[in-house]
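Please read through the structure below; I'll follow up with questions.
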Amino acid sequence: ESLLLTKRDPLSDRPISHRVETQGDITQKGYEKKRTKLLAPYIIQTPGKNSTITFSPGLTPTLLSLSHRSGGTRDDRYRSDIHTEAVQAALAKHKEEKMALPMPTKRRSTYVQSPVENHTPPDSSSGSEDETSVRRQSTVIAPPPAVNPNLQSPDSWINHSVQGSSTSSSASSTMSHGEAKPQPQIASPTAPTENNAPPPDVTAVAPRARGPRVDLPSNAVVRGMSRVQSRSSMMETADGVPVSSRVSTKIQQLLNTLKRPKRPPLSEFFTDDSEEIVEVPQPDPNTPKPEGRQTIPVKGEPLGVVSNWPPALQAALARWGATQGKSPALTALDITGKPLYTLTYGKLWSRSVKLAYTLLNKLGTKNEQILKPGDRVALVYPNSDPGMFWVAFYGCLLAEVIPVPIEVPLSRKDAGISQVGFLLGSCGVGLALTSEICLKGLPKTPAGEILQFKGWPRLKWVVTDSKYLTKPSKDWQPHIPTANTDPAYIEYKANKEGTVVGVAVSKVAMLTHCQALTQACNYCEGETLVNVLDFKKDMGLWHGAVMNRIHTISVPYAVMKACPLSWVQRVHIHKARVALVKCRDLHWAMMAHRDQRDTSLASLRNLIVADGANPWSVSSCDAFLNVFQSHGLKPEVICPCATSPEAMTVAIRRPGVPGAPLPARAILSLGGLSHGVIRVNTEDKNSALTVQDVGHVMPGALMCVVKPDGPPQLCKTDEIGEIIVNSRAGGNMYYGLPGVTKNTFEVIPVNANGVPIGEIPFVRSGLLGFVGPGSLIFVVGKIEGLLMVSGRRHNADDLVATALAVEPVKTVYRGRIAVFSVTVFYDERVVIVAEQRPDASEEDSFQWMSRVLQAIDSIHQVGLYCLALVPANTLPKTPLGGIHISDTKQFFLDGNLHPCNILMCPHTCVTNLPKPRQKQPVGVGPASVMVGNLVAGKRIAQAAGRDLGMIEDQDLVRKHQYLTEALHWRAQTDPDHVLYVLLNAKGVTVGTATCVQLHKRAEKIAAALTEKGSINTGENVVLLYPPGIDLIAAFYGCLYAGCVPVTVRPPHPQNLAVSKAACILTTQNLTRILRSKEAALSVNIKTWPTIIDTDDLPRRRPPQIYKPPTAEMIAYLDFSVSTTGMLTGVKISHAAVSALCRSIKLQCELYSSRQIAICLDPYCGLGFVLWCLASVYSGHQSILIPPFELESCLSLWLSTLSQYRIRDTFCSYSVMELCTKGLGTQTDLLKARGVNLSCVRSCVVIAEERPRLALTHSFSKLFKDVGLSPRAVSTAFGSRVNLAICLQGTTGPDPCTVYVDMKSLRHDRVRLVERGAPQSLPLMESGKILPGVRVIIVNPETRGPLGDSHLGEIWVNSPHNASGYYTIYGEESLQADHFNTKLSFGDPQTLWARTGYLGFVKRTELLAASGDRHDALFVVGSLDETLELRGLRYHPIDIETSVSRAHRSIAESAVFTWTNLLVVVSELCGSEQDALDLVPLITNVVLEEHHLIVGVVVIVDPGVIPINSRGEKQRMHLRDSFLADQLDPIYVAYNM
């Protein structure tokens, strides 16, 4: 029965059958057969027979005699033609499918690629570039997008029919589309938008079977999706040790006996509620589980006893230096590959002794000794100079100081440079040895001193060239004690997070390791060895040791770049017996070998492949053998081995006997590996991994395989685990880091019951693998390359191999691809970053990216989160040119990667989102709600201000029934009292108005209105004025004439038609503008009402001052643009005006001897009331500061407050923001100018929104230095139906702040939490409720009152409610219920007005002026603006706050929804190359903090997001512009 696996491709609706079988070594004939078989399913649909493969004994591998393309740019660490064919086969399926993803739009200038240097040398991680080609210097500009995203053809929204049913339940890459819906095109700017059906709902719940996916064919034109990103969680315990193990047992007992602390520990305060948030995937019953018995430790052969074995490594050097002084020790090559010098054992010994003597005796002044035995010393030598390094290394050993070899720092910007500083610090290094040439090349300061590198300790530099060394006196001999457990040297090692630690190797371990290697590799005295590896660490250092008087020929990396065959030539010339190489060296030599016909490798008895543990090394070894067998290379000499800095050599294949069968290969199922089990790959499919063994355990060692996470439990025989080793030849500790050491170097394995299997400690090697037949060791990957996604393990190297097998030639630069994972929303997400070739086109790149997605889903069954392409040569490099993964990851997380293309697939790969909330139908009767609330002990959420009742002098109130009477009365009783003072930008008074002057001006205007304008009472008059006193006079003039004033911000001609005005009052300047040619172009001037210029009116008095017949008559119209972009006018009656003024007078204790300062726009809402009405009613003096004057003089408002000793001031958020951003850094300057704000008692921000806590806080903090009291700043709250509901007055408690749980808020519930709790949102009370105002919190759907733990709509009842909307186009019915509404139960009599804002009321511990507990009103946001997503209610401002924190270049952002997709628009304030960095960070932060997947990310220029006069974002305008394609975005990313 053949196994047919039908699974959905990540991005298509069509199931594909995979029938590909992969096997290890096969003959050419078998290979051809295999190839036909691989491709068979895709050519003719007939299932092939299935054969079961176990470990196939090796046949002569002529596997790769195919012609090798030399121009390709593939990284051949991972080369495997079989794998390539498997990938191509998996992709072949998609070729027929047509596919167009929504293209990202990219502005043409966005990416100018950096020119690549000529002759870029191949990197260690790079593939087989044709070395001779010179890359031309090129500056490539991204071509303009061929298709505008808003003008796509209908099939651009994917719509495939589903064929066949899906049997695969792996939800790892579902695109949560729900059902496939027909998805028509996005509205084009010309088409009427109403007729377009919406695009698919990408956020609906996906059915358990895989939803339709998008298929990317080879010819797709795919243009950037967005990428997402997470702040990866780097917060494990610093050294991964449970805390208890660091505390000594005594202290532990003490802690246990002490009483439990009173406060619960933090973990109880803030439990991580991932359980209740995350959808936990149900375990798949078909998951393979290990079934074998428990493994037993594997023992290496015993270490042989050698008669004349030296007591220490230095002793061996001493012996050869004395007895074989002429014998060559080391040959170094110059850059052309010719020998530069040869160091003999005699020279090596004498120079090392000189150095040891100098270090111990000659560094300080005569009597002080700078270095003592046991001190650590850095060795800084370039890779081209092995001789100097050897002398330094052995010199240190002889002086008994501990060498710490590190890479030469090239610049301040080196990848991971500060981590090297951490290493030097943890090792306590204060001295660095280097060569004269190297020292000259180190980066210097302008003064010529060596740079202080970031994070490095201060170092003294010592030059070790011979001419600077002192010859020791005759009687001085270096002390060579027998090897003990003190550290001999320290090798650096970077871990997965990028931290660099030092592995200390003891003297005895170093010696024993040499002995074990000698025994395993059969070293004989005097052999020649060619070493291509880094001689400063790892195998390059261990095998090059002086133990066996071996002659080492060191081939530096630079020579390999220039001449890849150089090592083969050296083997040929020197008849070397041993060569030490990596797969890349095999590969390069093979690519270059056509230039060289006469080399012979017959002398080699041992070709040690250092990275033979990389699963993808198998094909390099085979291919190399295939090419060089004709040059005398014997198959049995290839010896892969496995090593790690901690365990040193773990296993090595012993050199074989000629003619013996080659060791077996294992062909494993990648699916099995991802579940940590070994399954021979019998299914006919692409997901196979061929692994070669790395031989047997080292002599004298004991090895176990344990589970990589959790306690070190022994694995079963068919389970993959971490290899741990016990041996005298291994690292001892991470120097200076005892905590982490314990976890790595002192592991005691346990059996299935958790019982330790012995006393002896093992060392973790960091290698993942298993023990195969015949105790052969197989390694399948490294712990640090492990990606744990949704409980399955994937190996980064395997993913790189798959990505490289997707023909990257046109796209990827030199095969440079990095794979890592970032933690976002409780799971690891896979990110692939590749360097893009300078000449790659957008088309090629996106096609490649889309195919990588498919291949990885097909072969590894894992979804990619983000795929990014960056310009060539921009990823951080390791010293030998590979990609520095941890730095790349850090760049990605910090938004410093600057991709030129990006594709994000959060919809596809985030499968653990919580289930959407199903709203309960409202079928509960009012009575049961009331009873339920009472039983639960909840108060009905309502609150009221003080009673307006019978307060103080009644006659005043009677007199002031109308403001006109108030003004008239003041002009008679106190004519010269100054009511208004207007300041200009210099702080100079440019206008004042006393009571009588204002009265007279108003009379003049009233007369002009009746004469010139022939206005009838009750008609509308537009007031078109800049902020100032003219505006106030014109307002009272209108009232005197009995017409209705409407203030309009100048000069917006399109607003004029709105109010059906009978006349326009304005100034001379504005009259000119209105009558100008420009205005005539946009508006038909002839249709305009009369324009009266009020600047020089004749002295006339109106016949009488109009008095309305009833106070219910309309006094004025208040027009404002709401946040949803509606221009709405409300009618304010005379009664409301005087009630409001009286309410403010009481709340702020205003009377004629007071002064207030106003810095607000006087066109609508409470700003207008304070500017024009309040002073006339209460008689206080208002100092008017037009906000636009602050642009030319930022400190105008603050210095005015200080100069006039103002106690109460009113401003807007825009003013506060200007001051915070512009003056925040200049408080000292203000202080010097004598600005002192200690007089300010209340500074109230006038707004119609949730208080901007962050802004008011920073304002208070910044200006505390100039005396501003932290208690002064507060906010007001008004709405269209009632201009002033709350206003912080002079009495009453300070505004309080609460922290609410955001998750509850999304369910319309209010749950208070502690400050600093995760997912908490701080909210500030919106000022005190004004006298005469009552508010109640109501359920907007049922219109019933709510308890105080619910979020609901704020309804208000007050004598100063507006009387209704002033409608323009007869939409009365639309909002009639906003003004006179009754509750559905509870108190059905009172008439309420609906504010349209959501909020809640909380009773605080504070006391109000009346002595009762104070009820605080908290405003959360506008009901119209809330987003309903996944059944939850979101407030845009919360998502925007998160987005703005995501990256330093995000200036402002706005969100809205479009057909259930969340769209985020962000303004980019950095350079345009940052644009694509934002996409993943935004996607990421929204997923992490709000559990939402962003559908579209739009990056725009600063200032694109429209903002109204009160500084509120106009999100609906923005949305309309986006859909009409009017934003000219820098980049639009469509997340998959």
Side-chain angles (χ1 to χ4, degrees), residues 941 1118-1130 1164-1167 1212-1214 1245-1253 1255 1275-1286 1300 1302 1305-1306 1308 1310 1321 1323-1327 1335-1341 1343 1346 1350-1356 1361-1362 1365 1374-1375 1377-1379 1381 1392-1401 1417-1429 1432-1441 1452-1458 1462-1463 1465 1490 1505-1520:
D1118 186 297
F1119 268 97
S1120 154
V1121 177
S1122 75
T1123 47
T1124 49
M1126 301 286 292
L1127 181 70
T1128 42
V1130 287
C1164 60
L1166 194 46
S1212 64
Y1213 279 127
S1214 338
V1245 188
I1246 305 298
E1248 300 189 4
E1249 58 176 303
R1250 173 201 300 181
R1252 301 189 194 170
L1253 199 58
L1255 179 57
T1275 62
F1277 172 61
S1279 70
R1280 293 287 69 210
V1281 299
N1282 185 318
L1283 304 180
I1285 297 168
C1286 303
V1300 297
M1302 284 174 79
L1305 211 54
R1306 292 175 202 143
D1308 292 338
V1310 176
L1321 172 71
L1323 291 172
M1324 183 162 87
E1325 175 187 1
S1326 297
V1335 295
I1336 187 164
I1337 306 297
V1338 180
N1339 179 327
E1341 276 104 39
R1343 304 194 173 196
L1346 290 168
H1350 283 267
L1351 182 68
E1353 188 180 8
I1354 301 168
W1355 287 17
V1356 58
N1361 276 3
Y1365 283 123
L1374 192 66
Q1375 294 122 339
D1377 71 332
H1378 282 203
F1379 288 90
T1381 311
W1392 299 90
R1394 304 180 55 174
T1395 61
Y1397 283 84
L1398 293 173
F1400 59 93
V1401 168
L1417 173 67
F1418 294 90
V1419 178
V1420 178
S1422 151
L1423 183 59
D1424 289 345
E1425 295 242 296
T1426 55
L1427 312 173
E1428 287 261 333
L1429 290 162
L1432 302 172
R1433 193 193 299 280
Y1434 287 88
H1435 297 272
I1437 182 69
D1438 296 328
I1439 300 177
E1440 289 157 3
T1441 305
E1452 186 57 89
S1453 58
V1455 302
F1456 52 82
T1457 53
W1458 168 56
L1462 178 62
V1463 180
V1465 180
H1490 303 279
I1505 295 172
I1507 284 179
N1508 69 10
S1509 58
R1510 287 195 303 274
E1512 297 162 341
K1513 293 173 201 166
Q1514 307 284 285
R1515 299 180 181 90
M1516 293 307 115
H1517 276 326
L1518 181 67
R1519 170 181 156 151
D1520 297 341

Using modelled atom types only, decide if a donor and an acceptor are shared between the side chain of R1519 and the backbone of T1457 within a distance under 3.5 Å.
->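 Checking the backbone N and O of T1457 against the side chain of R1519, a donor-acceptor pair under 3.5 Å is found.
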Measuring from E1353:CD to E1341:CD, what's the distance to the nearest 0.5 Å?
->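 Reported value, rounded in 0.5 Å steps: 10.0 Å.
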Can you name the nearest heavy-atom pair linking L1283 to G1165, along with the distance?
-> CD2-CA, 4.0 Å
4.5 Å side-chain heavy-atom contact, E1440 and R1515 | yes
Name the one of L1323, D1308, L1346 that satisfies side-chain contact (heavy atoms from CB on, under 4.5 Å) with F1400?
->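 Of all the options given, the one that passes is L1323.
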Which one of N1282, I1354, L1423 satisfies the side-chain contact (heavy atoms from CB on, under 4.5 Å) criterion with T1395?
->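 Only one option passes, and that is I1354.
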Taking the side chain as every heavy atom from C-beta outward, state whether N1361 and W1392 have any atom pair closer than 4.5 Å.
->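 Sidechains of W1392 and N1361: no contact.
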Between L1321 and M1302 the two heavy atoms that sit nearest each other are CB-CG, 3.5 Å
Roughly how far apart are T1275 OG1 and R1252 CZ, rounded to 0.5 Å?
->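 Between T1275 OG1 and R1252 CZ, I get 11.5 Å after rounding to 0.5 Å.
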Shortest non-hydrogen pair, G1167 vs I1246, comes out as N-CG2, 4.0 Å
Rounded to the nearest 0.5 Å, how far does CG of L1429 lie from CZ of R1306?
->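 Here the rounded value is 10.5 Å.
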For I1505 and A1454, the nearest pair of non-hydrogen atoms, with its separation, is CD1-N, 3.7 Å
State, to 0.1 Å, how close T1426 and P1436 come at their nearest heavy-atom pair, and which atoms those are.
-> CA-CD, 4.3 Å
Rounded to the nearest 0.5 Å, how far does CD of E1248 lie from CZ of F1277?
->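 Spacing of CZ (F1277) from CD (E1248) equals 7.5 Å.
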Is the side chain of K1513 donor-acceptor paired with the backbone N or O of S1453 at a distance under 3.5 Å, no angle test?
->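 Answer holds: yes.
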Can you check whether H1435 reaches L1398 side chain to side chain, under 4.5 Å on heavy atoms?
->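 They are in contact (side-chain heavy atoms under 4.5 Å apart), so the answer is yes.
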Distance-minimising heavy-atom pair for M1516 and F1456 |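 Minimum heavy-atom contact is CE-CB, 4.5 Å.
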Salt bridge present between D1438 and R1250 (N-O < 4.0 angstrom) | yes
So how far is it from L1351 CG to N1339 CG, rounded to the nearest 0.5 Å?
-> 10.0 Å
Could you tell me whether a side-chain N or O of D1118 sits under 3.5 Å from a main-chain N or O of C1164, the two making a donor and an acceptor?
->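 Side chain of D1118 to backbone of C1164: no pair is present.
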Side chain to side chain, S1326 and L1417, heavy atoms closer than 4.5 Å =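 Heavy-atom side-chain distance check fails, nothing below 4.5 Å.
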Heavy atoms, side chains only, cut-off 4.5 Å: are Y1213 and P1251 in contact?
->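 With C-beta onward as the side chain, the pair touches.
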Answer whether the closest heavy-atom distance between the side chains of V1300 and V1420 falls below 4.5 Å.
->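 They are not in side-chain contact.
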Is there side-chain contact between R1394 and P1340, with heavy atoms separated by less than 4.5 Å?
-> yes
Once you round to the nearest 0.5 Å, how far does OG1 of T1381 lie from CH2 of W1355?
->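 The distance works out to 5.0 Å.
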